[in-house]
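I have placed the structure first, in the form of structure tokens, so that the comments after it can refer back to it.
Heavy-atom basis, side chains included; hydrogens, waters and symmetry copies ignored.
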Amino acid sequence: MTDFPKEHNQFSGGDDAAVGGIAADRLRSIIERTERLEEERKALSGDIKDIMTEAKSAGFCVKTIRQIIRIRKQDPNELQEQESLLDIYRRALGC
């Protein structure tokens, strides 16, 4: 017997065709959904690249835009802590 985790050796029964204790239909569904999402992510990445190209052609600094997006995702308390540490480190180095 293989050393698969217990959940790999179980299946829901029902209409799923089981091979080696794996519900083939459920596995196929999971894989196909993941593949669709990966395709969507690829398309979205292309859309973001297009937006950044547009920003650059309009004279904006893409690096700075990406930094602002990263900052906006952060928790305000964590951001404040990082900014405080950055300020302390800069003063320590005379920057």
Side-chain angles (χ1 to χ4, degrees):
M1 182 158 175
T2 62
D3 292 329
F4 289 123
K6 185 177 180 183
E7 62 271 9
H8 285 278
N9 295 325
Q10 297 177 347
F11 64 97
S12 61
D15 295 333
D16 289 349
V19 177
I22 297 174
D25 290 343
R26 178 108 189 256
L27 177 61
R28 183 177 297 106
S29 171
I30 290 168
I31 290 170
E32 289 172 353
R33 288 178 9 227
T34 302
E35 289 171 339
R36 274 193 305 275
L37 289 172
E38 287 175 350
E39 284 297 317
E40 287 178 28
R41 179 178 14 190
K42 185 177 176 183
L44 289 172
S45 293
D47 292 344
I48 292 170
K49 182 179 177 184
D50 292 344
I51 291 170
M52 292 302 163
T53 300
E54 176 185 339
K56 186 175 182 177
S57 68
F60 293 106
C61 176
V62 172
K63 185 176 179 180
T64 304
I65 290 173
R66 290 189 187 280
Q67 186 175 0
I68 290 171
I69 292 168
R70 198 169 32 256
I71 288 169
R72 289 171 52 123
K73 289 180 184 178
Q74 292 180 333
D75 176 81
N77 294 327
E78 289 179 20
L79 179 60
Q80 181 62 41
E81 182 179 337
Q82 286 180 3
E83 288 176 347
S84 295
L85 284 172
L86 182 60
D87 185 50
I88 291 168
Y89 289 2
R90 281 184 169 168
R91 282 188 282 141
L93 296 172
C95 299

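With sequence neighbours excluded, the residues satisfying side-chain contact (heavy atoms from CB on, under 4.5 Å) with R70 are Q67. For S45, the side-chain contact (heavy atoms from CB on, under 4.5 Å) test picks out R41, with sequence neighbours left out.
With values rounded to the nearest 0.5 angstrom, I51 atom CD1 is found 10.0 Å from I65 atom CD1. Atom-to-atom distance recorded for Q80:CD and Q74:CD is 11.5 Å, nearest 0.5 angstrom. From K73, atom NZ reaches atom CD1 of I68 across 13.5 Å, with rounding to the nearest 0.5 Å. For the atom pair CD1 (I69) and CZ (R72), the distance works out to 8.0 Å, reported to the nearest 0.5 Å.
For residues 86-95, the salt bridge (Lys or Arg N to Asp or Glu O under 4.0 Å) pairs, not counting sequence neighbours, are D87-R91.
Summarising the local packing, CD of E81 is surrounded by 12 or fewer heavy atoms from other residues, nucleotides or ligands at distances under 6.0 Å.
Taking Ile, Leu, Val, Met, Phe, Trp and Tyr as hydrophobic and joining them when side-chain heavy atoms fall under 4.5 Å apart, one finds L85 in a cluster with I88, Y89. Under the 4.5 angstrom side-chain criterion for Ile, Leu, Val, Met, Phe, Trp and Tyr, I30 has no cluster partners at all. Other members of the cluster containing I71 are L79, with ILVMFWY side chains joined at under 4.5 Å, either directly or via other members.
Between T53 and K56 there is no side-chain heavy-atom pair separated by less than 4.5 Å.
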